[in-house]
Amino acid sequence: MVFSVVYHFLHDRDTAEEIAQDVFLSLHRNLRAIQSAAHAGFWLRKVAVQRSIDASRKRMRRPQVALEDVAEPVARGVPADPMLGETLRRLIATLPETPRMVIVLRYQEDLDPTEIANLMAIPVSTVKSHLQRSLALLREKLVRRGVREE
Amino acid sequence: MDWLEDELRQALRRKDPSPDFEARVMAAARRRPVLTMPRWLAAAAALLVITSAGLGYRYHRGQAAKAQVMTAMRLTGSKLSRIQMQIKAARP
């Protein structure tokens with residue numbers, strides 16, 4: 001769960017493993033503060049979200065391109081993307097930090113807007129509007145690419 | 001459910017880290033001993049430092065006051081003996 005949240009947010013396996021390791025070590029150091037398994041889950045998600053956003057900000061100051069983010073040469077005139085999942089992941093990677101994390105938590109972790117709002121310490125209405133806007137944007141980009149017609 | 005939400009769930013399926021990830025985390029946890037101090041111990045240490053600093057300052061102020069009193073007494077003593085000598089000299 002921790003690795004996956006970071007990986008889908010940063011799209012970089014090495015950094016995701018590094019951050020996930022750091023999150024688990026941090027939990028190990030703070031075990032006394034953990035009251036239950038549910039609390040541990042919440043804590044791990046929360047710290048993973050914070051560390052992912054921090055890493056993304058650091059990366060923006062010092063831009064890096066992970067090998068897996070480099071676009072493969074595209075064959076001429078590809079009518080539709082057969083790998084819709086990869087296209088979607090690339091489109092999600094272009095979203096700003098907060099809506100990107102909202103999408104990852106909603107569709108990977110299957111959290112509802114209230115849970116996401118608690119985790120990210122933002123209002124539920126903000127989560128809902130990020131979800132609506134991001135879905136509209138992703139839909140529009142996919143339709144424009146001819147991946148799926150409305 | 002909308003097709004896009006379905007596709008998003010597929011695209012964002014949980015991914016696993018490398019197979020040796022767990023072993024690496026365990027090794028790192030063993031390498032870094034937990035050196036955190038309990039909160040009560042940290043608070044007690046801070047209180048001790050503050051109290052000792054306060055006591056040290058009060059002792060220093062006490063010593064300074066004592067020195068001032070001693071100087072004042074020496075001055076008063078010498079004045080008194082001078083007056084006494086003057087009285088003795090003035091007596092017939």
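Just so we're clear, the structure is a prediction, and the values are computed from it rather than from any experiment. Letters A, B, ... are given to chains in the order of the sequence lines, protein chains preceding strands, and every chain is numbered from 1.
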Segment of [X] engaging chain B (4.5 angstrom heavy-atom cut-off):
X        : answer
A:Asn30  : neither
A:Ile103 : both
A:Leu135 : both

Determine whether A:Ile116 and A:Ile122 make a side-chain contact, defined as any pair of heavy atoms from C-beta on separated by less than 4.5 Å. no

Among all residues two or more places apart in sequence or in another chain, which pass the side chain to side chain donor-acceptor pair (under 3.5 Å) test with A:Glu97? A:Arg57

Comparing B:Leu4, B:Leu8, B:Leu12 against chain A, the one with the most heavy-atom pairs below 4.5 Å turns out to be B:Leu12

Could you walk me through whether B:Arg14 and A:Glu109 pass the salt bridge (charged side-chain N to carboxylate O under 4.0 Å, His left out) test, one step at a time? CA-CA 8 Å; B:Arg14 277 193 181 174; A:Glu109 292 297 298; 2.8 Å; yes

Stepwise salt bridge (charged side-chain N to carboxylate O under 4.0 Å, His left out) check, A:Glu86 with A:Arg90: CA-CA 6 Å; A:Glu86 189 47 38; A:Arg90 285 177 193 280; 3.4 Å; yes

